Engineer: 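The following block contains the structure, expressed as structure tokens.
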Amino acid sequence: MTDIKSTLEERQRTLAELRSIKEQFAARHWFPGTSGNLSVRAGDIKEGRFQFAITASGKDKSVHTPEDFLFVDEAGQPCEATRLRPSAETLIHCEIYRLTGAGAIFHIHTVFNNIVSELYGDEGYIPVQGVELIKAFNIWEENARIDIPVVPNYAHIPSIVPCITDKLNPAIPGIVLRNHGIYAWGANCFEAKRHLEAFEFLFEHVYRMKALGR
């Protein structure tokens, strides 16, 4: 079996990136009530096996502690002995890494992404057309349209995973759980952050245009 143990340098870099992203997003109030989760892959994906660091469950993300993150494998299991529990939604991160080969995945709950996911949940996607921030996804056509996938939100997380598998669109680096929040990803932290910021702008745009009756 392929050894996927990440190096010390990879793990330290991964944790430093997560701390920085967590601090930036907390300053934007994107983690109400300890919600949301962040992960960054450490090392390569080898024969379907990989490791990533993810936020521990139930932590106040507005402060830094030595127990903010832990490393898990492709099945969402901790890579070393720990009392920490990974985020309840770790299996969703596992599936997105498996399907996309992403380097980082960020999940947040905001008022706008919740409202628009409910408005368009029955359609199964949030349509956005002709908005400049679509270019953040390297889509450059004039008056481009994207359909951001929306999947059901179940209390039983493993039941969500097949929905992710079915609806994920490799051209759109994000997927929304209905009345819950957005998962955005990228090849690295910089790209995942850019994608998340673009999605949040688009959600607010869709909401305000809808409120204006347009």
Side-chain angles (χ1 to χ4, degrees), residues 1-110 113 136 157 161 164 173-175 177 180-200:
M1 184 175 289
T2 302
D3 182 7
I4 60 159
K5 187 174 179 59
S6 52
T7 66
L8 175 62
E9 292 84 357
E10 288 170 332
R11 292 160 76 88
Q12 289 178 329
R13 182 169 58 251
T14 296
L15 292 175
E17 289 176 335
L18 274 173
R19 288 190 189 101
S20 175
I21 288 293
K22 182 169 74 74
E23 185 173 26
Q24 293 176 59
F25 290 179
R28 299 182 183 189
H29 307 290
W30 277 357
F31 300 127
T34 76
S35 65
N37 38 77
L38 312 170
S39 72
V40 175
R41 180 162 52 81
D44 297 327
I45 298 176
K46 299 178 181 177
E47 298 179 8
R49 302 184 67 223
F50 51 91
Q51 295 179 351
F52 58 96
I54 190 164
T55 41
S57 180
K59 300 295 182 180
D60 181 353
K61 297 178 181 67
S62 67
V63 298
H64 293 310
T65 80
E67 298 183 336
D68 289 339
F69 311 108
L70 68 158
F71 285 87
V72 300
D73 63 17
E74 71 282 351
Q77 296 301 307
C79 295
E80 51 261 313
T82 177
R83 293 189 302 272
L84 298 176
R85 291 183 296 112
S87 166
E89 295 157 20
T90 298
L91 289 179
I92 295 175
H93 288 250
C94 292
E95 186 66 356
I96 293 172
Y97 281 120
R98 187 185 72 81
L99 293 171
T100 68
I105 302 169
F106 303 147
H107 170 57
I108 62 168
H109 305 204
T110 66
N113 68 38
I157 300 299
V161 174
I164 299 286
I175 196 163
L177 269 61
H180 180 132
I182 175 75
Y183 285 85
W185 56 86
N188 49 47
C189 283
F190 174 81
E191 189 173 81
K193 177 174 176 284
R194 186 184 80 219
H195 292 161
L196 181 60
E197 291 172 340
F199 279 123
E200 285 300 310

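Residue numbers count from 1 along this sequence. If you're wondering where the values come from, they're calculated on a predicted model, not measured in any experiment. Just so you know, these numbers use all the heavy atoms, side chains as well, and skip hydrogens, waters and symmetry mates.
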Engineer: Check this for me: Arg28, atom CZ, are more than 12 non-hydrogen atoms of other residues, nucleotides or ligands nearer than 6.0 Å?
Structural biologist: yes
Engineer: Please report the interatomic distance OG(Ser35) to CD(Glu89), rounded to the nearest 0.5 Å.
Structural biologist: 9.0 Å
Engineer: Check Ala88 against Ile157 and note the closest heavy-atom contact, atom names and distance.
Structural biologist: O-CG1, 3.5 Å
Engineer: Between Asp73 and Cys79, which heavy-atom pair has the shortest distance, and what is it?
Structural biologist: N-SG, 3.6 Å
Engineer: Determine the minimum heavy-atom distance between Thr82 and Pro78, stating which atoms define it.
Structural biologist: CG2-CB, 3.9 Å
Engineer: With sequence neighbours left out, write down each residue that passes side-chain hydrogen bond (donor to acceptor under 3.5 Å, both in side chains) with Arg13, or none if nothing qualifies.
Structural biologist: none
Engineer: Nearest heavy-atom pair of Ala75 and Leu91: which atoms, and what distance?
Structural biologist: O-CD2, 3.6 Å
Engineer: Rounded to the nearest 0.5 Å, what separates atom CD1 in Ile21 from atom OG in Ser39?
Structural biologist: 11.5 Å
Engineer: Minimum heavy-atom separation for Ala192 to Phe106, with atom names?
Structural biologist: CB-CE1, 3.5 Å
Engineer: Any salt bridge (Lys or Arg N to Asp or Glu O under 4.0 Å) pairs touching residues 181-190, not counting sequence neighbours?
Structural biologist: none
Engineer: Looking at residues at least two apart in the chain, or sitting in another chain, which of them share a salt bridge (charged side-chain N to carboxylate O under 4.0 Å, His left out) with Glu10?
Structural biologist: none
Engineer: When rounded to the nearest 0.5 angstrom, what distance separates NZ in Lys22 from OG in Ser62?
Structural biologist: 7.5 Å
Engineer: Nearest 0.5 Å, what's the CD1-CD1 distance between Ile175 and Ile96?
Structural biologist: 7.0 Å
Engineer: Between His107 and Gly36, is there a donor-acceptor pair closer than 3.5 Å when you use the side chain of the first and the backbone of the second?
Structural biologist: no
Engineer: Are Ile92 and Leu177 close enough, and set up right, to give a side-chain contact (heavy atoms from CB on, under 4.5 Å), and what steps lead you there?
Structural biologist: CA-CA 11 Å; Ile92 295 175; Leu177 269 61; 4.2 Å; yes
Engineer: Rounded to the nearest 0.5 Å, how far apart are CD1 of Ile105 and CD1 of Ile54?
Structural biologist: 8.0 Å
Engineer: Only pairs at least two apart or in different chains count here, so list each side-chain hydrogen bond (donor to acceptor under 3.5 Å, both in side chains) that has a residue in residues 186-195.
Structural biologist: Lys193-Glu197
Engineer: If you apply the rule side-chain contact (heavy atoms from CB on, under 4.5 Å), what do you find for Thr90 with Phe52, and how did you get there?
Structural biologist: CA-CA 10 Å; Thr90 298; Phe52 58 96; 3.9 Å; yes
Engineer: Would you mind listing every salt bridge (Lys or Arg N to Asp or Glu O under 4.0 Å) that reaches into residues 50-63, with sequence neighbours excluded?
Structural biologist: Lys59-Glu67
Engineer: With sequence neighbours left out, write down each residue that passes side-chain hydrogen bond (donor to acceptor under 3.5 Å, both in side chains) with Glu80, or none if nothing qualifies.
Structural biologist: Arg11
Engineer: Can you list the residues that meet the ring pair (Phe, Tyr, Trp, His ring centres under 6.0 Å) rule with Phe31, with sequence neighbours excluded?
Structural biologist: none
Engineer: Please report the interatomic distance NE2(His64) to CG(Asp68), rounded to the nearest 0.5 Å.
Structural biologist: 7.5 Å
Engineer: Taking Arg41 for its side chain and Gly43 for its backbone only, find out whether a donor-acceptor pair lies under 3.5 Å.
Structural biologist: yes
Engineer: Taking the side chain as everything from C-beta on, heavy atoms only, tell me whether Val40 gets closer than 4.5 Å to Cys189.
Structural biologist: yes
Engineer: Please check if the side chain of Thr34 supplies one atom and the backbone of Gly58 the other of a donor-acceptor pair under 3.5 Å.
Structural biologist: no
Engineer: Below 4.5 Å, heavy atoms only, C-beta onward: do Ile182 and Ile108 meet side chain to side chain?
Structural biologist: yes
Engineer: List the residues meeting salt bridge (charged side-chain N to carboxylate O under 4.0 Å, His left out) with Glu9, not counting sequence neighbours, and say none if there are none.
Structural biologist: none
Engineer: Can you name the side-chain hydrogen bond (donor to acceptor under 3.5 Å, both in side chains) partners of Glu200, sequence neighbours left out?
Structural biologist: Thr110, Asn113
Engineer: Using the ring-ring contact (aromatic ring centres under 6.0 Å, His included) rule, collect all pairs that involve residues 69-95, keeping only residues at least two apart or in two chains.
Structural biologist: His93-Tyr183
Engineer: Any side-chain heavy atom of Glu74 within less than 4.5 Å of one from Arg98?
Structural biologist: no
Engineer: Could you tell me which residues satisfy side-chain hydrogen bond (donor to acceptor under 3.5 Å, both in side chains) with Ser20, sequence neighbours excluded, listed by chain and number?
Structural biologist: Gln24
Engineer: Salt bridge (charged side-chain N to carboxylate O under 4.0 Å, His left out) with Arg19: which residues, sequence neighbours excluded?
Structural biologist: none
Engineer: Write down the atom of Gly76, the atom of Pro86, and the distance for their closest heavy-atom approach.
Structural biologist: O-CG, 4.0 Å
Engineer: Hey, mind stepping through Leu196 and Phe25 against side-chain contact (heavy atoms from CB on, under 4.5 Å) and telling me if it holds?
Structural biologist: CA-CA 10 Å; Leu196 181 60; Phe25 290 179; 3.5 Å; yes
